[in-house]
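Within every chain, numbering begins at 1; the chains are lettered A, B, ... in the order of the sequence lines, protein sequences first and strands thereafter.
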Amino acid sequence: MLQQTRVEAVRPYYENWMEHFPTVEALAAADGDEVLRQWQGLGYYSRARNLHDSVKEVVSRYGGRIPAEKSELLTLKGIGDYTAGAISSLAYNKDETAVDGNVLRVFARLYGIRENILSAKVKKKVTELAREQLPEGKAGVFNEALIEFGALLCIPKSPKCGECPLRHFCEAKATGLEKELPLRITGKDTPTERYAVLICRKSHTVLIHRRPSEGLLASMWEFPMVRCDQPHGDGAGLRHYLSGQGLVVSVEETVTAELKHVFSHKKWDLAVYEGRYVSGELAESEVWRWLPVEKYAALPWAGPHGKLTACL
DNA sequence: GATGCGTGGGG
DNA sequence: TCCCCAAGCAT
């Protein structure tokens, strides 16, 4: 859960998770959709699938005990160099490094590394430095201290150098680069897309759609959507077409407040998706479903849609 | 090596 | 309001 995610964001999910799946056996036996549902809203949903797969592997291959050896941990889905090192050192006190974003930042400043910390080259260099410093038999507390140090003191912006016990040894501080380092050079920025969401009601059911098992928000359920920032996926044109059919449909953009307003009216019954007419005759399938309102809570919902189910 | 993959909080 | 970015991994 903590991979690329803040502790504050994880905490409530972790607490809830441990109540639902208190043991590896319980998680291994759980239904995949239920696992995804408990992860709903946390992001990076492949982590949930990987964790489920790995825990099943731990039960079937390792008798329910998570391996201590890094080489074995690395064979599990969703466990890479950092997580393998963290489990091996923190849980079993093996002499392994655990270089995460915090440790990269700390070493970049401490050693004045003026290179992109997102590169494999710097990651390798920092791992070597950490390996040299690693106190034999104390890797667990050492790694945790490094990580906590980065999370609490040597923070990304405005590091707390005044309280730092290492301020007299820090290359970045000595050269006045403590706010410039570490260097993070990313690629091109992510383009924005706009979608219209359709709320389509038929008696006491609502039309929903399951996303593909790979890619963005994989396997999550959502309300039907159409691009509304390009000519061939125009939400306004869609509304016009549908009203010409004598149908009552709502087409709104993905703004939570607007969708709450849409839900409050409860009078829609049909929709169009990707230019194809979808009617009450639409057969239920793995992908499309007319879902009774009371069953919403049982499914994993994509992004903002998950927060709307309470409105139904 | 570069890119896709979420979400929410803080400056 | 906008931008940055947070205990990475898979492809």
Parallel, tilted or perpendicular: rings of A:W301 and A:F223 (30°, 60°): tilted

Whole-Å gap separating C1' (B:dG6) and CD (A:E8): 16 Å

Residue closer to the 5' end of DNA chain B, A:A120 versus A:A218 (nearest nucleotide): A:A120

Set of residues satisfying ring-ring contact (aromatic ring centres under 6.0 Å, His included) with respect to A:F149, sequence neighbours excluded: none

Protein-nucleotide distance (A:R11, atom CZ; B:dG8, atom P), rounded to Å: 17 Å

Sugar-phosphate, base or nothing in reach of A:L42, heavy atoms under 4.0 Å: base

Length of the CG-P vector between A:L76 and C:dC9, whole Å: 12 Å

Protein-nucleotide distance (A:L104, atom CG; C:dC9, atom P), rounded to Å: 11 Å

Spacing of A:N116 atom CG relative to B:dA2 atom P, expressed in whole Å: 9 Å

Summary of protein contacts for nucleotides 1-8 of chain C, nucleotide by nucleotide, where a base hit scores B, a sugar-phosphate-only hit scores S (4.0 Å, heavy atoms): ---SBBBB

Residue-phosphate contact under 4.0 Å: A:Y13 side-chain N/O, B:dT7 OP1/OP2: no

Atom-pair distance (CZ on A:R47; C1' on C:dC9), nearest Å: 10 Å

Spacing between A:I79 atom CD1 and C:dT11 atom P, to the nearest angstrom: 14 Å

Run the side-chain donor-acceptor check on residues 174-184 of chain A: report pairs under 3.5 Å with partners two or more places apart or on a different chain.
residue: A:T175; atom: OG1; partner: A:E171; partner atom: O; Å: 2.8
residue: A:T175; atom: OG1; partner: A:A172; partner atom: O; Å: 3.3

Pairwise P distance for C:dT11 and B:dG6, with rounding to whole Å: 14 Å

Other ILVMFWY residues reachable from A:V141 by side-chain steps of under 4.5 Å: none

A:Y62: partners by ring-ring contact (aromatic ring centres under 6.0 Å, His included), with sequence neighbours left out: none

Nucleotide B:dT7, atom C1' - distance to CE of A:M220 in whole Å: 12 Å

Pairing residues for A:K157 by the salt bridge (charged side-chain N to carboxylate O under 4.0 Å, His left out) criterion, not counting sequence neighbours: none

Spacing of the P atoms in B:dG11 and C:dA7 (rounded, Å): 15 Å

Residue pair A:N50 / A:R47, side-chain donor-acceptor N/O under 3.5 Å: no

